[in-house]
Structures are given as C-alpha cells and as structure tokens.
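Report on the following structure.
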There are 2 protein chains.
Amino acid sequence: MGRATQQRTLKTRAQLIAAARKIVADAGYEALRVEDVVAAATVAKGTFFAHFKDKDALMDILIGDHIDALLDDMEKTSRVTSVDDLIAITKPLLHFISSERYIFDVFLRLSGALAVEDIGKIATTLYRHDRILVGLMADSPFRKDISTDLLSEGIQSFCINAVALSFCVLHRGQDVESRLSVYLDAWLCPKC
Amino acid sequence: MGRATQQRTLKTRAQLIAAARKIVADAGYEALRVEDVVAAATVAKGTFFAHFKDKDALMDILIGDHIDALLDDMEKTSRVTSVDDLIAITKPLLHFISSERYIFDVFLRLSGALAVEDIGKIATTLYRHDRILVGLMADSPFRKDISTDLLSEGIQSFCINAVALSFCVLHRGQDVESRLSVYLDAWLCPKC
DNA sequence: TCCTTAAATTGACCGCGGTCATTTATTTGC
DNA sequence: GCAAATAAATGACCGCGGTCAATTTAAGGA
C-alpha cells in the first residue's frame with residue numbers, strides 16, 4: 001500500500017502545472033520547454049519527471065483540461081435539429097484543436113490509449129465527446145438506418161479530417177466549419 | 001542558375017538512403033537514428049542535413065516510396081463492385097500504415113503539405129490515392145447523391161480513423177478491415 | 001597548369017528531453 | 001525524542017536531432 005502522499009508533493013505538482021500554464025498562456029504550447037517549466041517552478045529537472053512520465057504527459061493534462069472545459073459547455077446542449085446546429089456547438093472544439101499545429105499533433109498522438117493502465121485525459125475526452133454525440137443523436141432528425149454509436153464515430157472521424165485539412169496548403173480557402181458542413185450533410189442526411 | 005549537380009552528390013545521397021533502408025529492414029522505422037545512418041554511409045553528420053532538411057524528410061522518402069509501390073498495385077484495379085472489393089484492394093495500404101505506430105505518426109505529420117514549396121512524397125501519395133479512388137467511384141454501385149470527390153474524401157477519412165483505432169486498447173478486438181467495413185457500408189451504401 | 005569560384009563535406013558544438021545514483025526531507029515504530 | 005524506513009528532490013549526465021564556421025574537393029576560365 002505504501003504511505004500517503006505528502007503535502008509537498010501536491011505543492012510541487014501544482015507549481016509545475018501553474019508554471020506550465022503560464023508559459024502556454026504567454027508563448028503557446030509549442031514553445032513550452034521542460035527546462036523553462038522547472039526553472040519557473042524553482043525545482044530541479046528530475047523532479048519534473050518524478051511527477052510526469054514525460055513532456056507529453058504534461059501536455060495531456062493541459063490540453064485535456066482545456067477540452068474538458070469545452071465539453072462542459074457542449075454538454076449543456078440537449079438537442080440538435082440540424083447539421084448547422086451540430087456544427088455550432090462543435091465550433092469551440094474545432095477552433096481549439098486547429099488553433100496550433102502542435103496541439104493537433106499532440107491530440108492525435110494521445111487520442112488513443114496505448115495501454116489500459118494509462119488512459120490519459122485526452123483519450124478520455126474523446127470518449128466523453130463520443131457519449132455526448134450519441135446522446136444528441138438519439139433525438140435528432142438524422143438518418144436512422146445506422147446506430148447512434150456509428151453516427152457518432154463518423155462525426156468524430158470527419159471532425160478530425162476537417163481539422164487536418166485546415167493545416168494543409170492544398171486545401172486552404174475553405175474554413176474548417178464549411179468543410180465539416182459538407183461532410184456531415186453527406187454523413188447524416190444521405191439523399192437517396 | 002549555379003553549377004550542375006556533381007556525381008558525388010548523387011553517390012552520397014544514394015549511400016545515405018541505402019544505409020537508411022538497411023536499418024529500417026533490420027530494425028524497423030522507429031529504430032532509425034541519423035547517427036547510425038551516417039556511420040553506415042561513412043559520411044559526417046552534417047552531410048546528412050545537407051541532403052535532407054531533417055530526419056522526417058528522409059522518412060517521407062522511405063515511407064512515401066513504400067506507399068507509392070502499393071498504389072502502383074492498387075492502380076491496376078479498374079473497377080470495384082462492392083465494399084468488400086474496395087477493402088480488399090485497400091488492405092495492403094492499411095496493413096503497412098498500421099504495422100508500426102511510428103509509421104502512422106509520421107504519416108499523419110507529413111500527410112498535409114504545410115507549404116506549397118515542400119509538398120512531400122507522403123502528401124503526394126495521399127493525393128494520388130484520392131485520384132485513384134475517384135476513378136473507382138465513377139463506375140461503382142455506390143450512392144450517387146454526392147460527388148465522387150466527396151465519396152473519396154470520406155473513404156480516406158474512415159481509413160485513417162480505422163487505423164487510428166487499431167492502435168487504441170479501448171477498441172481492440174476488431175481488426176482494421178472489419179471496422180472499416182462497417183464504416184464504408186454506412187458511407188457508401190446508406191439504406192434510407 | 002594554375003587560379004578563382006562555387007559546391008560538397010566535415011565535426012565540434014548546441015538544445016532539449018529524459019535517466020539515475022545520491023542526497024535531503026518526512027513519516028513511522030519504539 | 002531517536003533511528004530505521006520510505007518518499008521526494010537533486011543535478012550531473014546521456015542520447016540524439018540539428019547547426020554552422022571552417023575545410024576540402026571539383027568545375028570553369030585564362
């Protein structure tokens with residue numbers, strides 16, 4: 001069982017995360033350096049890695065927390081009546097993930113849990129987003145020939161694709177939402 | 001204009017790529033170290049970066065070449081008559097990209113060209129794959145309410161999603177092809 | 001053949017993520 | 001209160017990708 005967590009552990013961890021948040025707020029996620037975080041938190045480098053498995057683990061928390069807050073808002077919506085509706089409530093999420101290439105890279109890297117024992121924040125938010133979508137699909141005007149689970153998976157897939165293309169010069173000109181709009185019309189409202 | 005490329009330039013480049021291919025064949029993509037490549041090619045480290053912008057640029061060539069070869073095979077198919085057909089000819093591609101997590105990571109990172117001046121091999125293969133799919137959609141039994149361009153985009157999106165989920169412990173149990181089969185049935189043959 | 005000019009190569013060096021044996025601080029049993 | 005035991009923190013060190021001023025090699029021109 002071992003001993004209980006000491007007070008200073010929580011304090012050090014809080015210092016590290018606070019320092020990291022400040023750096024991200026000032027210079028963006030990509031600019032974050034572990035050495036800068038530990039310097040700002042006035043602890044040694046080794047301490048960082050005693051608290052976080054690696055740099056990505058910290059990013060998982062920072063980015064995951066942000067997404068979680070956005071999902072809190074999204075959860076307030078109980079019903080969607082159109083694709084436009086759906087896109088409107090998804091907009092903040094799209095905006096955040098496409099706001100910095102590095103965020104999207106980390107998101108993709110950590111979106112799938114590689115081992116059962118370490119399902120990170122970001123992976124959890126994806127699952128949570130999925131459940132929210134399934135809830136919204138239950139009482140919606142969209143196609144009924146496939147399960148709400150599958151509808152949700154498709155929406156997520158198209159969201160990620162739309163964001164990915166927003167970073168690609170070959171597909172610029174269209175913004176994320178209008179591209180997603182085309183996808184979701186075809187996915188949710190097939191005319192045949 | 002400058003002078004013509006010297007012979008030794010081509011030779012050095014060929015040595016570097018050959019050395020890299022050997023390492024990949026022996027130990028996989030993830031295990032490749034630039035220092036090992038230059039050692040095997042008996043050149044200095046700086047020489048590597050005179051030939052390739054960074055390590056990813058070499059990976060782009062190695063992985064891009066492999067995908068290109070798989071697309072050569074795919075291009076021989078002139079017609080698909082079912083989702084199973086489509087999945088059968090896509091299988092080699094799925095297999096390769098899901099064979100190593102690192103390959104998939106590089107693929108995602110380089111699949112979108114970040115600048116017009118450096119559209120890499122992998123980004124080009126994605127475009128090529130898209131054109132092949134559009135060709136196949138022209139004379140297919142799939143839905144006709146949306147353009148072949150959009151059909152193709154959706155197929156690519158679902159392929160990537162299926163591979164991504166294959167790396168996720170929360171979604172194991174199903175293999176890539178059977179998951180993709182569910183997606184493509186819903187995407188290409190909506191029943192409503 | 002020699003000299004000039006540009007291309008190609010070199011390797012010491014840097015940045016930064018991550019490790020680990022050692023030291024310091026806390027808790028627990030007596 | 002004092003050791004023994006365990007948790008936390010430290011910083012020198014390593015691996016590896018990437019840079020750059022200095023050097024070597026090859027390609028015209030006279």
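Predicted model, so just to flag it, every value in this text is computed and none were measured.
Residues A:D175 and A:S178 bring a donor and an acceptor atom of their side chains to less than 3.5 Å of each other. There is a side-chain donor-acceptor pair under 3.5 Å between B:S157 and A:S157.
Note on residues 22-46 of chain A: no pairs pass ring-ring contact (aromatic ring centres under 6.0 Å, His included), not counting sequence neighbours.
For the OP1/OP2 pair of D:dA9 and a distance below 4.0 Å, the side-chain nitrogens and oxygens of A:T12 include at least one atom meeting the criterion.
Whole-Å rounding puts the A:L16 CG to C:dG17 P distance at 14 Å. The CG-P distance, from B:L10 to C:dA7, rounds to 15 Å in whole Å. A straight line from CE of A:M59 to P of C:dG18 spans 11 Å, rounded to a whole angstrom. The CG-P distance, from A:D56 to C:dG18, rounds to 7 Å in whole Å. As rounded to whole Å, 15 Å separates atom C1' of D:dG18 from atom CZ of B:R33. Atom CG in A:L58 sits roughly 15 Å away from atom C1' in C:dC16 (whole-Å rounding). In this structure, A:I23 places its CD1 atom 12 Å from P of C:dC16, rounding to the nearest Å. Following rounding to the nearest Å, B:K55 (NZ) and D:dG15 (P) show an atom-to-atom distance of 15 Å.
For B:K22, the NZ atom counts as loosely surrounded, since its 6.0 Å shell holds 12 or fewer non-hydrogen atoms of other residues, nucleotides or ligands.
For the pair B:H51 and A:D36, nearest-nucleotide mapping onto DNA chain C gives the more 5' position to B:H51. In terms of position on DNA chain D, the residue among A:E35 and A:T42 whose nearest nucleotide sits closer to the 5' end is A:T42.
Residues A:R128 and A:D68 are paired through a salt bridge, judged by an N-O separation under 4.0 Å between the basic side chain and the carboxylate. Looking at B:K121 and B:D60, no side-chain N of the basic residue comes within less than 4.0 Å of a carboxylate O on the acidic one, giving no salt bridge.
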*asked:* Using a 4.0 Å heavy-atom cut-off to protein, can you give one letter per nucleotide of nucleotides 19-30 of chain D, 5' to 3': B if the base is in contact, S if only the sugar-phosphate is, - if neither?
replied: BB----BBB---

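Of all nucleotides listed (C:dT10, D:dG17, C:dA8), C:dA8 comes nearest to the side chain of B:T5.
Counting any heavy atom pair closer than 4.0 Å across all strands shown, A:L32 reaches sugar-phosphate atoms only and no base atom.
In this structure, the ring of B:Y183 has its center no less than 6.0 angstrom from the ring center of A:W187.
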